[in-house]
Amino acid sequence: MIIGILRLAFFAFLVMLVVYFVLSAWSRSVRRTKLGEEWDEEGMTGDRDAFIETGLSNYDGSLRRKLIFGVFIVPYAVIAVLVYVMNFM
């Protein structure tokens with residue numbers, strides 16, 4: 001029984017890892033696009049690529065980036081609550 005639970009946890013972790021990387025890449029791509037649009041709309045001068053890279057480095061330290069890590073935490077928390085409710089309530 002323990003081996004089955006560990007196997008489930010391992011495969012769930014692998015799925016969440018793939019979801020995390022896809023979600024992270026998508027979010028970063030959206031941010032890159034918005035920075036490019038901001039550059040074009042405001043008619044800035046200088047190096048466009050440097051502006052985008054600076055914006056992305058700011059994004060890397062942002063709360064949104066950290067919230068994406070919830071992909072790992074939320075499913076395990078939901079499973080733990082369900083197990084508790086089903087067994088002890």
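Quick note: residue numbers are just sequence positions, from 1.
Between the NZ atom of K34 and the CD1 atom of I52 there is a distance of 14.0 Å, given to the nearest 0.5 Å. Taking CZ from R32 and CG from L56, the interatomic distance works out to 5.0 Å, rounded to the nearest 0.5 Å. Atom CG in L8 sits 13.5 Å away from atom CD1 in I3 (nearest 0.5 Å). Atom CD of E42 is separated from atom CG of D40 by 10.5 Å, given to the nearest 0.5 angstrom. Atoms CH2 and CE, on W39 and M44 in that order, are 6.5 Å from each other to the nearest 0.5 Å.
By the 6.0 Å contact criterion, CG on L67 is enclosed, its count of non-hydrogen atoms from other residues, nucleotides or ligands being greater than 12.
Linking ILVMFWY side-chain heavy atoms closer than 4.5 Å, directly or via other members, places I68 and L63 in two distinct hydrophobic clusters.
Considering every non-hydrogen atom in both G70 and P75, the closest pair reads O-CD, 3.9 Å.
Partners of V74 by side chain to side chain contact (heavy atoms under 4.5 Å, CB included), not counting sequence neighbours, listed by chain and number: V78. The salt bridge (charged side-chain N to carboxylate O under 4.0 Å, His left out) test applied to D47 returns no partner, not counting sequence neighbours. Not counting sequence neighbours, the partners of E37 by the side chain to side chain contact (heavy atoms under 4.5 Å, CB included) test are T33. Remark: F88 engages Y84 in a ring pair (Phe, Tyr, Trp, His ring centres under 6.0 Å) (not counting sequence neighbours). In this structure E38 satisfies the salt bridge (charged side-chain N to carboxylate O under 4.0 Å, His left out) test with no other residue, sequence neighbours excluded.
By the 4.5 Å heavy-atom criterion applied to side chains, F51 and L35 are counted as neighbours.
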Tell me which donor-acceptor pairs under 3.5 Å the side chains of residues 10-30 have, and how far apart each pair is, sequence neighbours excluded?
unit_1, atom_1, unit_2, atom_2, d
S27, OG, Y59, OH, 2.5
R28, NH1, D60, OD1, 2.6
R28, NH1, D60, OD2, 3.3

